[in-house]
There are 2 protein chains.
Amino acid sequence: MAHSTDFLESTFKSKGLPLTVQRRVVYQNVASRQDHPTADDVYLAVQKEHPDFSRATIYRALDCLVQIDLLSRVASFGSAVRYDAKQEHHDHMHCTQCGQVADVEAGDLNLLPKLKQDLGFTVETYSVHFRGLCPECQLEKTNKEN
Amino acid sequence: MAHSTDFLESTFKSKGLPLTVQRRVVYQNVASRQDHPTADDVYLAVQKEHPDFSRATIYRALDCLVQIDLLSRVASFGSAVRYDAKQEHHDHMHCTQCGQVADVEAGDLNLLPKLKQDLGFTVETYSVHFRGLCPECQLEKTNKEN
DNA sequence: TACCTTATGAGATTAAGTATCATCCACAAA
DNA sequence: TTTGTGGATGATACTTAATCTCATAAGGTA
């Protein structure tokens, strides 16, 4: 479920950035979805209610929301960047067939201290990416084979 | 280190695909590199020796090599797809500053059976993606701050 | 060597994302 | 409430990543 309007207002205020209608709508759209939309997915969804919003504005609003940590980018095997509303740490399952990305919970992996020690990388975030077939595509594949 | 030519020939033969000079060169380039190049990185590197190779051919050779499982795509936060020569399972560390992707070994996470059980996804592969700063960018950041 | 299938090169095309700039809006201060 | 100002927006041009098309060339087999 999406956060309240108050939450958005106070977050933007604390960062010193104006909360425009466009940013509000983009955030609400991503936060209310179950999938992990691309910028174009958001543009198309938002256009129904707000046909005047420009594509460039969607990109800029998404960038802004990532900057202030309300959204995050999801690492992807395709060419378009996907977005995700920030929430508790979770991992992702990519369907190699249809490209859908589902949230999964793989638990706390306790890997971060080890990395810092071994490689000198600072670790801000990590996520586990699984690839395989979602239930629907497994079914479709089975049907095609018969 | 790259595999021998015999290995390439037998792999292509078993898949019924012709092993062209272009495919050989593209594979050798990716396999011999320590980084995780984009298609354009490969194109530029290969062009020094083979200025006649077309950009489209590099893309097609990379696709082909992924199909027959000699290369894999690396999930990425940026816009261009990166490639990696297949080897033992390993994970990736992404530098949020310069975009470099390094190999890391996070060990066997034993997550696959759980996923199958909980979500109905079949899991073919998975990898852990870490994000943070590589040692060079940590240094650069420190210098800028002073 | 000759044949057939598939790949290649060149360049047009599409898709994803960024840059520019005149105008407009959010928001704070008066 | 009005006004001032920095930052955001819309339109559009541009860049970059990747794909498509098709005539020609090369691989692999007989």
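Order of the sequence lines fixes the chain letters, A, B, ..., with proteins taken first and strands second; residue numbering starts at 1 for each chain. Small disclaimer: the values here were computed from a predicted structure and weren't measured. All values below were derived from every heavy atom in this structure, side-chain atoms included, with hydrogens, water molecules and symmetry-related copies excluded.
- Toward the 5′ end of DNA chain D lies the nearest nucleotide of A:Ala56, the other residue of the pair A:Ala56 and B:Thr38 mapping further downstream.
- To the nearest 0.5 Å, atom OH of residue B:Tyr83 and atom CG of residue B:Leu62 are 5.0 Å apart.
- As a whole-Å value, the separation of B:Glu9 CD from D:dG28 P is 8 Å.
- Atom CG of A:Leu19 and atom C1' of C:dC25 are 12 Å apart (whole Å).
- Going from atom CG of A:Leu62 over to atom P of D:dA8 covers 14 Å, rounded to whole Å.
- The side chain of A:Tyr59 lies closest to C:dT18 when the candidates are D:dT19, D:dA8, C:dT18.
- Considering only the side chain of B:Pro18, C:dT6 comes nearest among D:dA8, C:dT6, C:dT8.
- Computed from coordinates, the A:Leu65 CG to D:dA8 P distance equals 12 Å when rounded to whole Å.
- Closest non-hydrogen pair, B:Pro18 versus B:Arg23, comes out as O-NH1, 2.7 Å.
- Once rounded to the nearest 0.5 Å, the distance linking OG1 of B:Thr11 with CG of B:Leu65 reads 10.0 Å.
- Proximity of B:Gln22 to the phosphate of C:dG9: a side-chain N or O atom is located under 4.0 Å from OP1 or OP2.
- One finds a side-chain N or O of B:Arg23 lying less than 4.0 angstrom from the OP1 or OP2 phosphate oxygen of C:dA7.
- If you take CD1 of A:Ile58 and P of C:dA15, they are 19 Å apart, rounded to a whole angstrom.
- Taking the side chain of B:Asp63 as heavy atoms from C-beta on, and the options D:dG28, D:dT19, D:dA11, the nearest nucleotide is D:dT19.
- A residue-by-residue look at B:Asp40 and B:Val21 shows that B:Asp40 has its nearest nucleotide of DNA chain D further toward the 5' end.
- Heavy-atom minimum distance, B:Cys64 versus B:Phe12: SG-CE2, 3.8 Å.
- Scanning atom types as modelled, no donor and acceptor separated by under 3.5 angstrom connect the side chain of A:Arg60 and the base of D:dG7.
- Closest approach of A:Leu71 and A:Ala85 over heavy atoms only: CD2-CA, 3.6 Å.
- A straight line from NZ of B:Lys15 to P of C:dT6 spans 17 Å, rounded to a whole angstrom.
- The CG-P distance, from A:Asp52 to C:dC25, rounds to 10 Å in whole Å.
- Within the structure, a side-chain polar atom (N or O) of A:Thr20 is placed less than 4.0 Å from OP1 or OP2 of D:dT9.
- At least one side-chain nitrogen or oxygen of B:Thr57 sits closer than 4.0 Å to the OP1 or OP2 atom of C:dG9.
- We find that CG of A:Leu17 is positioned 19 Å from P of C:dC25, with the value rounded to whole Å.
- Out of D:dA17, C:dG17, D:dG10, the shortest distance to the side chain of A:Ala39 is found at C:dG17.
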